[in-house]
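Note on naming: letters A, B, ... go to the chains in the order of the sequence lines (proteins, then strands), and numbering restarts at 1 for each one. Below, all heavy atoms of this structure are taken into account, side chains as well, without hydrogens, waters or symmetry copies.
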Amino acid sequence: MSELHLYNSYSRQKEKFEPITPGHVGLYVCGPTVSGESHLGHARPYITFDVVNRYLQHLGNKVRYVRNITDAGHFEEEGREAEDKVAKKALLEMLEPMELVHKYTSLYHWGMQEFNCLEPSIEPTATGHIIEQINMIEDIIAKGYAYEVNGSVYFDVKKYASEYPYGKLSGRVIDDLLETTRELEGQEEKRDRADFALWKNAPPEHIMRWKSPWGEGFPGWHIECSAMSSKYLGQRFDIHGGGMDLQFPHHESEIAQSTIAHGCAPVNYWMHNNMITIEGRKMGKSYNNVIKLTELFSGNHPMLEQPYHPMVIRFYILQTHYRSTLDFSNEALQASEKALRRLWEAYEVLQKLPVPANAEAADAALDANIRTFCHNCADDMNDDFNTARVLANLFELAPTINGIKGGQVKAGAISSATHELMLHTFKTYLEDILGLKPLQQNRDAKLDAVLQLVIEMRKEARNRKDYAASDKIRDMLAAEGIQLKDEKGGEMSYSID
RNA sequence: GGUAUCGUGGCCGAGUGGCUAGGCUCAGCUCUGCAAAAGCUGCUACAGCGGUUCGAAUCCGCUCGAUACCUCCA
């Protein structure tokens, strides 16, 4: 039995996973900024780390999964002018930050549910932890690694970098950062270009503001994760995850802040998922190629040929290793839809198949192959969460399962124990760990009864060789998206799109 | 410009130096009243050029190409 190894972005290699406290795992994942609707790009980290969470639990760990909501910062909504530009308008016409936060948090939660992502143990908000952030900033100032200018506080990267390996996580060279020629807002306040804000003074028109030792303002971009992760997981915890694009500056800054405030590096294992691309380009606001989740599920987007079921998206994401880029296309998603459907049907067939009575397999080679594919699932998950290979293993089982049903594989070819092992493997990996669900659920009992009636009528028509009638029934149902399948022995089954 | 990552068959994608990844598509066959479904078979690739090695998609070098980060970003 192999042990879990995962790729640590910090060391840039696969490492054996050993939790700080055996049997317990602290997992922190950077959550969304709820100033806009979640999109396809957001789906990847949350599905990726949902599987990480599920698998760690499967291995017997008690996982505390913390995923934050970033609800502080500069808030604007598309199609609506920012508050500072319409200061004179009536209160109800003004942009109320909580309104946006509420709306998009709800939409995000809805999306996560659609994807069948388990809820995190704690979902802290940035605005709910202003005091913790202020405390942490004060601590960093007291230790001499931050300075205040005009009500804003900046982290002294140069000083930090002279003593600690700043840039190691993201492969950055500090001298290059210091030479950046880019002009940025508020740059003149910083002692050095590489410095980053811990606290920002709020200009009069800024609507989100809190009192602090440095005047009214709001927290910087990186401090919330450090403050909240240490509060709920400890100053040093096991896994921190997020998208690759957060490696720099976000996570690099987190390491620097926490190292000074707590005297130790905050995280043992850094995990970063790769990006989803569209036509080879990263999906992002700046590229104008964002597909929102609502659009994805409804098909209401110029780039979409059809709606895509959340489980198809989940399957499509899990078919690729999380550290590879994943290119979006209608073709790829449609292939995923067919593949998931076929795999799930094989699973359902398996569940309905009678367990063979024989303890010995009639086809020893086949039996051994099946067992190997089942056992490989654990090894593949342990190899840095290789969900693509897990799915490939499950697909390998499908021909045998369908073959037993269709009669191409002899009953008794595999042993009863192997049959049970297949059932267990599907249940454990497909449902529990990969978190997949069938595309159509809660089949309506009345619809089923009606269909059984229709099937009965078609059987009768076929029995009297009235093929015109039997074909008509089949064609009319097909037009409604219901496929009838004639099986051996005159039985019929159906599937609904 | 700096720093990384990547380049796999019609498409998507996994790959630990030697053994069929897998999915989708396509073609043929079996089954079937005809279909569909299912099963079987076939399509056998690793950007290019060198090098290391008994042996490289996998290691090294160069070239070309792509992307990402360096700015809010999953």
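In this structure, B/A14 forms no base pair with any nucleotide, since neither Watson-Crick nor G-U wobble geometry is met with both distances under 3.5 Å. Across every strand in view, B/C62 sits in a pair with B/G48 that passes the Watson-Crick or G-U test at under 3.5 angstrom. With a cut-off of 3.5 Å on both pairing distances, B/C31 has no Watson-Crick or G-U wobble partner at all. As the counterpart of B/C69, B/G2 is assigned, both hydrogen-bonding distances of the Watson-Crick or G-U wobble pattern falling under 3.5 Å. For B/A57, there is no paired base (Watson-Crick or G-U wobble, both distances below 3.5 Å). When Watson-Crick and G-U wobble pairs are counted only if both distances are under 3.5 Å, B/G42 pairs with B/C26.
Only the P atoms considered, B/C31 is 24 Å distant from B/G23, to the nearest whole Å. Between B/A57 and B/A38, the two C1' atoms lie 34 Å apart (nearest whole Å). Using P as the reference atom, B/G10 and B/C6 are 23 Å apart when rounded to the nearest Å. Taking atom P in both B/C62 and B/A68, one finds a spacing of 24 Å when rounded to whole Å. The C1' atoms of B/C43 and B/G9 are separated by 9 Å, rounded to the nearest whole Å. Rounded to whole Å, the C1' atom of B/C24 lies 41 Å from the corresponding atom of B/G2. For B/U63 and B/G7, the C1' atoms lie 14 Å apart once the distance is rounded to whole Å.
For A/Y467, there are no ring-ring contact (aromatic ring centres under 6.0 Å, His included) partners at least two apart in sequence or on another chain. Partners of A/K459 by salt bridge (charged side-chain N to carboxylate O under 4.0 Å, His left out), not counting sequence neighbours, listed by chain and number: A/E491. Partners of A/H250 by ring-ring contact (aromatic ring centres under 6.0 Å, His included), not counting sequence neighbours, listed by chain and number: A/H222. Scanning for ring-ring contact (aromatic ring centres under 6.0 Å, His included) contacts around A/H129 gives A/Y232, with sequence neighbours left out. With sequence neighbours excluded, the residues forming a side-chain contact (heavy atoms from CB on, under 4.5 Å) with A/E114 are A/W110, A/F297, A/P310, listed by chain and number.
Listed by residue number, the members of residues 40-49 of chain A with any heavy atom below 4.0 angstrom from RNA chain B are A/G41, A/H42, A/P45, A/Y46.
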What one-letter contact string describes nucleotides 24-31 of chain B from 5' to 3', where B marks a base within less than 4.0 Å of any protein heavy atom, S marks contact via sugar-phosphate atoms alone, and - marks no contact? SS-----S
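You won't find any donor-acceptor pair under 3.5 Å spanning the side chain of A/N330 and the base of B/C12, going by distance alone.
If you take CD of A/Q483 and C1' of B/A36, they are 8 Å apart, rounded to a whole angstrom. Computed from coordinates, the A/I313 CD1 to B/A74 P distance equals 18 Å when rounded to whole Å.
At the phosphate of B/A68, OP1 or OP2 sits under 4.0 Å from a side-chain N or O atom of A/R281. Under 4.0 angstrom from either OP1 or OP2 of B/G39 there lies at least one side-chain N or O belonging to A/N402.
The side chain of A/F248 lies closest to B/C69 when the candidates are B/C69, B/C40, B/A74. The side chain of A/T320 sits closest to B/A14 out of B/A14, B/G39, B/G33. Nearest to the side chain of A/R462, among B/A74, B/C34, B/C12, sits B/C34. Of the candidates B/A37, B/A74, B/A14, B/A37 carries the atom nearest the A/K485 side chain, counting heavy atoms from C-beta on. Of the candidates B/A74, B/G22, B/C69, B/G22 carries the atom nearest the A/A392 side chain, counting heavy atoms from C-beta on.
Here A/D471 pairs with A/R474 in a salt bridge; the nearest charged N to carboxylate O distance falls below 4.0 Å. With respect to A/D50 and A/R54, a salt bridge is recorded, a charged nitrogen being found less than 4.0 Å from a carboxylate O.
Note: A/Y269 and A/F17 have tilted aromatic rings, judged against thresholds of 30 and 60 degrees for the angle between ring planes.
For the ring-ring contact (aromatic ring centres under 6.0 Å, His included) condition, the pairs that include at least one residue of residues 328-347 of chain A, sequence neighbours left out, are A/W344-A/Y347, A/Y347-A/F426. Under the ring-ring contact (aromatic ring centres under 6.0 Å, His included) criterion, the residue pairs touching residues 26-49 of chain A are A/Y28-A/H240, A/H39-A/H42, A/Y46-A/Y108, with sequence neighbours excluded.
To the nearest 0.5 Å, the span separating OG1 on A/T48 from CG on A/L318 amounts to 7.0 Å.
A cation-pi arrangement is present between A/K168 and A/Y10 under the rule of less than 6.0 angstrom and at most 45 degrees off the ring axis.
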Grab the N/O contacts between the protein and nucleotides 15-20 of chain B below 3.5 Å, and write none if there aren't any.
{"residue": "B/G15", "atom": "OP1", "partner": "A/N386", "partner atom": "ND2", "Å": "2.9"}

Under 3.5 Å, which protein N or O atoms sit close to an N or O of nucleotides 43-47 of chain B? Give each pair with its distance.
none

I'd like a table of donor-acceptor pairs (distance under 3.5 Å, sequence neighbours excluded) in which one partner is a side-chain atom from residues 395-412 of chain A, with atom names and distances.
{"residue": "A/N402", "atom": "ND2", "partner": "A/A398", "partner atom": "O", "Å": "3.4"}
{"residue": "A/K405", "atom": "NZ", "partner": "A/E487", "partner atom": "OE2", "Å": "3.0"}

